[in-house]
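All remarks here apply to the structure that follows.
Given the structure is predicted, the values throughout are model-derived calculations rather than measurements. Values reported hereafter were calculated over all heavy atoms of this structure, with side chains retained and with hydrogens, waters and symmetry mates removed.
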Amino acid sequence: MNRKVARRLPGVGKFVRALDELQAKYARLKAQRDDLKVDLAEAQAQLAHFFRERNEREASRIKQEHPLPVPPAPLRLRVHGTDDEASFITVGNEVASQVRQILANAGRPLDTFARILDFGCGCGRVIGYLGPRPGLFGTDLDQEAIKWCEQNLSDVASFRVNGDKPPLPFESESFDFVYAISVFTHLPENLELLWLEELRRVTKPGGILLLTVHGEKLFRRVPYQSRAELKAHGFCHPHCGSTPGLPDYYQTSFHTEDYIRGTWSKFFGIKSIESLGSHDAILCERESAAAS
């Protein structure tokens, strides 16, 4: 039955006319959606261009103030998620500034620490902007990155290779301050607990640690199949794809605040949880034996 005939049938014509109107409305909305998609793509391109230009200007300024060698693209990609040089420089400098500010706000300025460890220093994205200073050390399981640091940043800090599991190549109670940027954002729980215990070992009583995690503001990135685990346990470690040059277990971890306060407090006193870029920064203190 064609539409002309249907429109003349009692009750059916009204339905067909309504259907025609809905189809026409759908066509208009679809056209509007397509226009909005084009507008959104253009806006995103403009925003990306703005940030790219801003990063390049900022990186140029930073390079004048801190003329550090820049690691090759594969190492930048491995530690930074992109090989963009300007972004690598600006983020490294900004994270170092945030670390300084968090410590200052806590009444423990960076300059008050005699021995400092960057655990998971990679190819020196952050450590270069905290040094040079005596007593500054960097360690990582990435032998290629550590070799590059030894060859290019030896005037900034001393560097060591560590294994997948403890121990670190340092004596107990070696450091006043230990920080790990984007390390506990990637470890499975069993390794995380081992490394928390090891960092406790190498930190002096009364020493400070600053360790970053993926907290609540990044839970939107948790894969659907891992959300129940995160809700029930406070921690999940979904497989999100491998990173060339790093072990396959190096995935993406997420932590709730309750998990941090309940589990990490077995190793350290939790002084504060605050924002550091897109991460949460957990400021910890290794308490003395008498206090614990």
Passes side chain to side chain contact (heavy atoms under 4.5 Å, CB included), T203 versus I208? Steps please. CA-CA 8 Å; T203 304; I208 296 294; over 6 Å; no
Nearest-0.5 Å distance, [atom1] of residue [X] to [atom2] of residue [Y]:
X: S265; Y: I260; atom1: OG; atom2: CD1; value: 9.5 Å
X: S253; Y: Y259; atom1: OG; atom2: OH; value: 9.0 Å
X: S174; Y: L168; atom1: OG; atom2: CG; value: 9.5 Å
X: L194; Y: L187; atom1: CG; atom2: CG; value: 10.0 Å
X: L199; Y: L117; atom1: CG; atom2: CG; value: 7.0 Å
X: T212; Y: I273; atom1: OG1; atom2: CD1; value: 12.5 Å

Between [X] and [Y], does any side-chain N to carboxylate O distance fall below 4.0 Å?
X: R261; Y: E257; answer: yes
X: K271; Y: E285; answer: yes
X: D176; Y: K204; answer: yes
X: R76; Y: D84; answer: no
X: R200; Y: E287; answer: no
X: E197; Y: R201; answer: no

F235 and H233 aromatic ring geometry - parallel, tilted or perpendicular at 30°/60° bounds: perpendicular
Mind telling me whether W195 and F119 have parallel, tilted or perpendicular rings, with 30° and 60° as the class edges? tilted
I'd like to check [X] versus [Y] (side-chain heavy atoms, cut-off strictly below 4.5 Å). Are they in contact?
X: W264; Y: E192; value: yes
X: L141; Y: D164; value: yes
X: T263; Y: L193; value: yes
X: L130; Y: L110; value: yes
X: I270; Y: I282; value: yes

Yes or no on salt bridge (Lys or Arg N to Asp or Glu O under 4.0 Å) for R160 and D140, after CA distance, side-chain angles and deciding distance? CA-CA 7 Å; R160 305 284 191 276; D140 201 283; over 6 Å; no
Which pair of non-hydrogen atoms, one from [X] and one from [Y], has the smallest distance, and what is that distance?
X: S182; Y: R125; answer: CB-NH2, 4.5 Å
X: P69; Y: N152; answer: CG-O, 3.5 Å
X: F113; Y: L103; answer: CE1-CD1, 4.0 Å

Extract all donor-acceptor atom pairs below 3.5 Å that involve side chains of residues 218-230 and protein atoms in other chains or at least two apart in sequence.
| residue | atom | partner | partner atom | Å |
| --- | --- | --- | --- | --- |
| R220 | NH1 | K217 | O | 2.4 |
| R227 | NE | V222 | O | 2.9 |
| R227 | NH2 | R220 | O | 3.4 |
| R227 | NH2 | V222 | O | 3.2 |

Using only atom types and a distance under 3.5 Å, with no angle test, would you say the side chain of [X] pairs donor to acceptor with the backbone of [Y]?
X: Q251; Y: C240; result: yes
X: S60; Y: E56; result: no
X: S154; Y: Q151; result: no
X: H186; Y: Y249; result: no

Donor-acceptor side-chain pairing of Q143 and W148 below 3.5 angstrom: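 No, because no side-chain N or O of Q143 sits under 3.5 Å from a partner of the opposite role on W148.
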D142: which residues meet the salt bridge (charged side-chain N to carboxylate O under 4.0 Å, His left out) condition with it, sequence neighbours left out?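 Result, salt bridge (charged side-chain N to carboxylate O under 4.0 Å, His left out) vs D142: R78.
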Just to verify, which of N105, L210, L209, L276 counts as forming a side chain to side chain contact (heavy atoms under 4.5 Å, CB included) with L283?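 Between L283 and the candidates, side chain to side chain contact (heavy atoms under 4.5 Å, CB included) is satisfied uniquely by L210.
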Applying the side chain to side chain contact (heavy atoms under 4.5 Å, CB included) criterion to S97, which one of V99, N93, V95 satisfies it?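 It is N93; the other options fail the test.
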Steps toward side-chain hydrogen bond (donor to acceptor under 3.5 Å, both in side chains) verdict (Y129, E65): CA-CA 10 Å; Y129 299 106; E65 295 181 2; over 6 Å; no
Could you walk me through whether F137 and F175 pass the ring pair (Phe, Tyr, Trp, His ring centres under 6.0 Å) test, one step at a time? CA-CA 9 Å; F137 291 81; F175 298 101; 5.7 Å; yes
Might you work through the side chain to side chain contact (heavy atoms under 4.5 Å, CB included) test for V213 and F254, ending with a clear yes or no? CA-CA 7 Å; V213 300; F254 298 88; over 6 Å; no
With a 6.0 Å cut-off on the ring centroids, do H255 and H214 count as close?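 No.
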May I ask you to check if R286 and F268 form a cation-pi contact, with NZ or CZ under 6.0 angstrom from the six-membered ring centre and within 45° of the axis?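 Ring-cation test returns no.
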